[in-house]
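See below for the structure under consideration.
Naming convention: chains lettered A, B, ... in sequence-line order (proteins, then strands); numbering from 1 in each chain. Worth knowing before you read on, the calculation uses all heavy atoms, side chains too, and leaves out hydrogens, waters and symmetry mates.
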2 protein chains.
Amino acid sequence: MSVTIKDIAKRAGVSITTVSRALNGYPDIHPRTRERVLRIADEMNFRPNAVARSLVMKKSKTIGLIISELTCSSSSHHFIFDIIRGVHDQAVLMGYDVILSATSPYQQQEISYMELCTRRQLDGVLLMGVRTDDRYLQEVLDASVPCVLIDVPLVSKTCGHVMVDNVRGARMAVQHLVDLGHRRIGMINGHRQAYVSFDRLKGYRQALEENGLTFDPDQVFDGDFKEDAGIEGVSRLLDRFPDMTALFCASDMIAVGAIRALHQWGKRVPEDVAVVGYDDIDLVRYTHPPLTTVHQPRYQMGTKAAELLVRLLSGGEGEAVVLEPQLMVRESTIR
Amino acid sequence: MSVTIKDIAKRAGVSITTVSRALNGYPDIHPRTRERVLRIADEMNFRPNAVARSLVMKKSKTIGLIISELTCSSSSHHFIFDIIRGVHDQAVLMGYDVILSATSPYQQQEISYMELCTRRQLDGVLLMGVRTDDRYLQEVLDASVPCVLIDVPLVSKTCGHVMVDNVRGARMAVQHLVDLGHRRIGMINGHRQAYVSFDRLKGYRQALEENGLTFDPDQVFDGDFKEDAGIEGVSRLLDRFPDMTALFCASDMIAVGAIRALHQWGKRVPEDVAVVGYDDIDLVRYTHPPLTTVHQPRYQMGTKAAELLVRLLSGGEGEAVVLEPQLMVRESTIR
DNA sequence: TTGAAAGCGCTAACAC
DNA sequence: GTGTTAGCGCTTTCAA
């Protein structure tokens, strides 16, 4: 058995209330008493029982990090892991523990997020990887559990979000291509159920128009965020526009696939076709050629999300935190 | 307020004891009563409060996944994330939740694992990334909290481990090189504080000796698991052994660095020097050339670890779970 | 088959 | 300043 405040009370010759007060730093207690209690607690190697405290406080000092099924697929590993680290580090810094949850393709059972929340008394949740058509999204919003979304631009009384400025990121990427003299720039986008796809398309279009180029929907191929989309996209776009000299991809994995396909078509990168990716996952520094891409501050997304959630927990209102992307120029656009 | 068994009891006109019995499927209750209680609970959308249950049961149905600082560095992302997924999925399947913990370089505070355990009433912990000289390792073993280590071969009453057969993996790698006709095979190892380094070196040596080649310590460079070690290792080894035609690296990141360095030395891979890595992280399929490496079943390591831990929790004894590595032959050894 | 009562470790009125 | 008391939501003897 581990030591409880009762044990301390007995040893110190005071009531458990006094012990509680000393431990929690309340002011209405004699300094000498507090000191003694604290010393004894330390001597007895006392560890407060968070479970008991949660029960009475109705707060668990725990947040749920819910990773939606989709995000678990190949390409996003890198991405997610950094965010997880950010969330964890910041949460711990602020006195919260993190419970991991995921809607896995392996478990058939459809556990609702809310179920987890009430069962574990989670103070709030962090959602990442949800698609616009995710049925749980509404559920989370309805139940007024404080919640922070990553890459889903929703704001309400109890819900905020963190995202990187995707319009801006896409514009930077495309502007870079335009600056290099490209006029016929294709795009391979992620699936339509991701909010980020929408914004990246918007940024692509804006950049074109800002530079007096016409936006042509046919120059955009809608796929998903995986490698195969890059392969298919290249073949479709090159079929329609043999004169395409540059390609903007909504993810690095798309770009990797695209480069592979371009090589198969006998095109050199960047000499014949320049390619820009999105995300700046680790592996793009090792591809051939190394990929020019839009960096997202992943770790920071995590810390900011945790921060925002805790702010929400202390009564703050939902807000949007938008971080800045950064263009990383490598050899897939310029030698 | 959410609904409690008290609410159900009132509505059903029975005592809370009866409700508890019905909910937990005890036999000593009238079928009709049970049915009614269950129906009412369902109607009221009852969710048992895990916190309250934990308090009285002194079991939290929660396990801690503790990731040691070291592992957070670059190269291991890929690695860890899959393990986390495996642990999570299997844990949930068995009715446990997972709390994330990490000794981060960012937080100065030295929280002990045990502190987390007692505070959160964790039923058991899973440790990954600990080095042989980790001071907490002993702490965990002393406190008899059921514990499963990943890649640290310790077994005790309350502690087991999961690892991939590193001796075998290294032997496969080196045997592959020998089979290709290589006689002068160098090795770049990870740091000495990782158990796996020890075993991989052992496997390297065994393979050499099994093939009548002499083991020469000078042919082994001790670095760490990162890219730079590969760069430095190549220059050291090539200095000493200009006739080296093959290189076995204890991690993929080492191999990536090694290939980079080899190119700088004007060596072609694999024509002049063949390179084998270890881990099979995602990016090695995109390096130039794609890397031959030893695959570790990461997701499975996670599921097996969670399984073992739960077995330990139900009174099982510590045991060693050893998984099989697999050689992935790509173009860095054979064209 | 069911219920009353105690208690898990802690906090928080409220009295003294 | 300090102690008494009640109670968080649940499980579990023990009696009935």
Side-chain angles (χ1 to χ4, degrees), chain A residues 1-38 40-41 44-62 95 97 115-123, chain B residues 1-38 40-41 44-62 95 97 115-123:
Chain A
M1 268 330 296
S2 46
V3 20
T4 72
I5 55 170
K6 214 168 174 176
D7 301 324
I8 300 176
K10 201 177 298 172
R11 178 99 144 241
V14 296
S15 75
I16 56 168
T17 315
T18 302
V19 175
S20 175
R21 274 199 275 256
L23 257 25
N24 293 307
Y26 282 87
D28 53 348
I29 180 176
H30 195 96
R32 233 194 342 270
T33 317
R34 144 172 312 124
E35 208 178 324
R36 214 169 37 118
V37 170
L38 254 34
I40 292 180
M44 300 180 79
N45 197 26
F46 170 76
R47 300 268 167 254
N49 181 331
V51 175
R53 177 179 286 166
S54 298
L55 183 60
V56 51
M57 306 268 277
K58 291 173 173 309
K59 294 219 174 317
S60 61
K61 282 281 185 180
T62 308
D97 283 328
E115 146 102 43
L116 215 211
C117 288
T118 55
R119 193 166 47 84
R120 285 285 173 182
Q121 303 269 89
L122 298 188
D123 295 339
Chain B
M1 270 327 298
S2 48
V3 20
T4 73
I5 56 170
K6 213 167 172 178
D7 302 323
I8 300 177
K10 202 178 298 174
R11 178 98 143 242
V14 296
S15 74
I16 57 167
T17 315
T18 302
V19 175
S20 174
R21 275 198 276 256
L23 257 24
N24 292 308
Y26 284 87
D28 55 348
I29 180 176
H30 194 97
R32 235 196 338 269
T33 315
R34 146 175 308 129
E35 207 178 325
R36 214 169 37 125
V37 169
L38 255 34
I40 292 179
M44 300 179 77
N45 198 26
F46 170 75
R47 301 268 169 253
N49 182 330
V51 175
R53 177 179 286 165
S54 297
L55 182 60
V56 51
M57 305 268 278
K58 291 172 174 309
K59 295 221 172 318
S60 61
K61 282 282 183 178
T62 308
D97 283 328
E115 146 102 42
L116 216 211
C117 286
T118 54
R119 192 165 48 84
R120 285 284 174 183
Q121 303 269 90
L122 299 187
D123 295 339

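- With D/dT2, C/dG9, C/dC10 as the candidates, the nucleotide lying closest to the side chain of A/F46 is C/dC10.
- For B/I29, the listed nucleotide lying nearest its side chain is C/dT2; candidates were C/dT2, C/dC8, D/dT4.
- A/L55 and B/V51 make their closest contact through N-CG1, 3.7 Å (heavy atoms, listed as atom of the first residue, atom of the second, distance).
- Side-chain contact between B/L116 and B/L122: present, with at least one pair of heavy atoms (C-beta onward) separated by less than 4.5 Å.
- Residues B/T62 and B/Q121 form no side-chain contact, since every pair of their non-hydrogen atoms from C-beta on lies 4.5 Å or further apart.
- Considering all non-hydrogen atoms of both residues, A/L38 and A/A22 come closest at CD1-O, 3.7 Å.
- With rounding to whole Å, A/K58 atom NZ is found 13 Å from C/dA12 atom P.
- Nearest nucleotide to the B/H30 side chain, out of C/dT2, C/dG3, D/dC8: C/dT2.
- Judged as a salt bridge (charged side-chain N to carboxylate O under 4.0 Å, His left out), and not counting sequence neighbours, the contacts of B/D97 are A/R119, A/R120.
- Comparing atom distances between the A/V14 side chain and each of D/dG3, D/dG9, D/dT2 picks out D/dG3 as nearest.
- Within the 4.0 angstrom heavy-atom criterion, only backbone atoms of the sugar-phosphate kind lie near A/N49; the bases stay farther away.
- Comparing atom distances between the B/D28 side chain and each of C/dT2, D/dC10, D/dT2 picks out C/dT2 as nearest.
- OP1 or OP2 of D/dG3 lies within a sub-4.0 Å distance of a side-chain N or O belonging to A/T18.
- For the pair B/L55 CG and C/dA6 C1', the computed distance is 13 Å after rounding to whole Å.
- When all heavy atoms of B/M44 and B/V3 are compared, the pair lying nearest together is O-CG1, 3.2 Å.
- Of the N and O atoms on the side chains of B/T18 and B/S15, at least one donor lies less than 3.5 Å from an acceptor on the other residue.
- Direction of the helix axis in the helix from C/dT1-D/dA16 to C/dC16-D/dG1 shifts by 40° between the two five-pair termini, rounded to 10°.
- For B/R34 and C/dT1, the CZ to P distance is 10 Å, given to the nearest whole Å.
- A side-chain donor-acceptor contact under 3.5 Å links A/R36 to the backbone of A/A12.
- One can place NZ of B/K61 at 22 Å from P of C/dC8, the figure rounded to the nearest angstrom.
- For D/dT11, the OP1/OP2 oxygens have no side-chain nitrogen or oxygen of B/K59 closer than 4.0 Å.
- Between the side chain of A/S54 and the main chain of A/A50, a donor-acceptor pair closer than 3.5 Å is present.
- Distance CZ (A/R32) to C1' (D/dT2): 14 Å, rounded to an integer number of Å.
- Atom-to-atom, CZ of A/R119 to C1' of D/dC10 comes out at 15 Å; the value is rounded to the nearest Å.
- Listed nucleotides: D/dT11, D/dC8, C/dG9. Nearest to the side chain of B/I5: D/dT11.
- Among the protein residues, B/T33 comes within range of the sugar-phosphate backbone only, with heavy atoms under 4.0 Å from sugar or phosphate atoms but none that close to a base.
- Under the 3.5 Å distance criterion, the side-chain polar atoms of B/R34 are matched with a main-chain donor or acceptor of B/Y26.
- Spacing between atom CD1 of B/I8 and atom P of D/dG9 amounts to 12 Å, rounded to whole angstrom units.
- Contact annotation: A/S15 reaches the phosphate of D/dG3 (side-chain N/O to OP1 or OP2, under 4.0 Å).
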Dump every N/O contact between nucleotides 12-16 of chain D and the protein below 3.5 Å, one line per pair.
from   : atom 1 : to    : atom 2 : distance (Å)
D/dT12 : OP2    : B/Y26 : OH     : 2.7
D/dT12 : O4     : B/T17 : OG1    : 3.3

